[in-house]
Amino acid sequence: MSFVDVFIVGGGPSGLSAALTLIRENHSGSLCELQPFKCFAAVDGGLKATDKNGETYQGNKVILANGVAGIYPDIPGYAECWGKGIVTIYTNGNEELVEQITPTIKGKPWTPDTRKIAKLALKSPEDTAVEITFEDGSIVTEAFLGHSPVTRLSGPFTEQLGLRVSQMGSEYETSVQFQATNVPGVYAAGDAMNMFKVLSNRVASGAQAAAGVAVKLQEEKWGLHPVHG
């Protein structure tokens with residue numbers, strides 16, 4: 001059985017930031033994507049991971065930087081436009097949403113459009129302009145659209161480790177100081193714990209989680225009084 005101080009799941013900006021921070025603190029770690037490990041479990045003295053080949057690894061802590069996956073609206077062409085021309089979207093027939101936002105936009109130069117969208121298409125691959133075709137056959141072209149799709153946590157770790165998640169289920173619940181989850185030894189970083197899913201937050205949260213892990217490892221090694229609970 002291989003042993004490391006910290007498992008880091010996710011090789012994106014937050015995972016890499018966490019790994020660099022831990023290396024500077026002279027701690028050992030294993031940085032991996034989601035696929036190699038099929039199971040994580042809490043055990044006495046730390047956490048155990050089993051890879052897809054049945055080999056087991058044990059570590060003191062885990063930083064989950066596994067990210068999220070976007071759940072796109074069921075609108076043809078949305079996926080092709082996302083990240084190129086989409087930044088907001090029409091209400092797509094959601095009358096309840098219109099009622100909710102009407103007091104906010106009253107007196108402002110914004111008008112809700114409740115027509116159901118049949119499909120979206122970029123005017124050209126190099127441009128952000130989006131052509132909107134509605135179910136009634138009418139077509140509108142906008143310079144860009146903005147929309148924040150619903151997300152879900154990547155990987156099976158919520159169920160495997162018994163982690164608490166947000167009301168929407170799109171982020172792990174974490175402490176304020178160093179992003180510890182409700183499971184001892186398990187921390188989270190990046191999009192998996194932050195509702196503001198931007199690059200700068202991913203990098204910062206990875207370093208912050210790793211700093212908390214480094215502090216906790218030293219406390220446990222030397223029997224020090226906990227700095228943060």
Tell me, do [X] and [Y] make a side-chain contact under 4.5 Å, heavy atoms counted?
X      : Y      : answer
Lys119 : Glu80  : no
Val6   : Asn60  : no
Gln208 : Gln179 : yes
Ser28  : Phe3   : no
Thr174 : Tyr187 : no
Thr50  : Glu55  : no
Leu47  : Gln58  : no
Leu22  : Ile63  : yes

* To do: For Ile139 and Glu131, run side-chain contact (heavy atoms from CB on, under 4.5 Å): C-alpha distance rounded to whole Å, both residues' side-chain angles, the deciding distance at 0.1 Å, then the answer.
  => CA-CA 7 Å; Ile139 298 175; Glu131 183 178 86; 3.4 Å; yes
Is there a path from [X] to [Y] through hydrophobic residues (I, L, V, M, F, W, Y) whose side chains come within less than 4.5 Å of each other?
X      : Y      : answer
Val68  : Leu16  : no
Met193 : Val203 : no
Val213 : Leu20  : no
Val9   : Phe178 : no
Leu217 : Leu224 : no

Determine, for [X] against [Y], whether the closest basic-nitrogen to carboxylate-oxygen distance falls under 4.0 angstrom.
X      : Y      : result
Lys123 : Glu142 : no
Glu171 : Lys197 : yes
Arg202 : Asp191 : yes

* Is it true that the side chains of Asn66 and Tyr172 contain a donor and an acceptor less than 3.5 Å apart? -> yes
* Decide whether Arg115 and Ser138 meet the rule of one side-chain donor and one side-chain acceptor closer than 3.5 Å. => yes
* Would you say Asp136 has more than 12 foreign heavy atoms packed within less than 6.0 Å of its CG? -> yes
* State whether the number of non-hydrogen atoms from other residues, nucleotides or ligands found under 6.0 Å of Lys48 atom NZ is greater than 12. => no
Nearest non-hydrogen partners of [X] and [Y], listed with the distance:
X      : Y      : result
Ala192 : Leu64  : CB-O, 4.2 Å
Ser205 : Gly190 : OG-N, 2.7 Å
Glu173 : Ser166 : CG-N, 4.0 Å
Gly11  : Glu33  : N-OE2, 3.2 Å

* Asked: What is the distance from atom OG1 of Thr141 to atom CG of Leu122, rounded to the nearest 0.5 Å?
  -> 11.0 Å
Between the side chain of [X] and the main-chain N/O of [Y], is any donor-acceptor distance below 3.5 Å?
X      : Y      : result
Ser175 : Ala180 : yes
Asp5   : His27  : no
Ser17  : Pro13  : no
Gln177 : Gly212 : no

* Compute the ring centroids of Phe40 and Phe7, then answer whether they are less than 6.0 Å apart. => yes
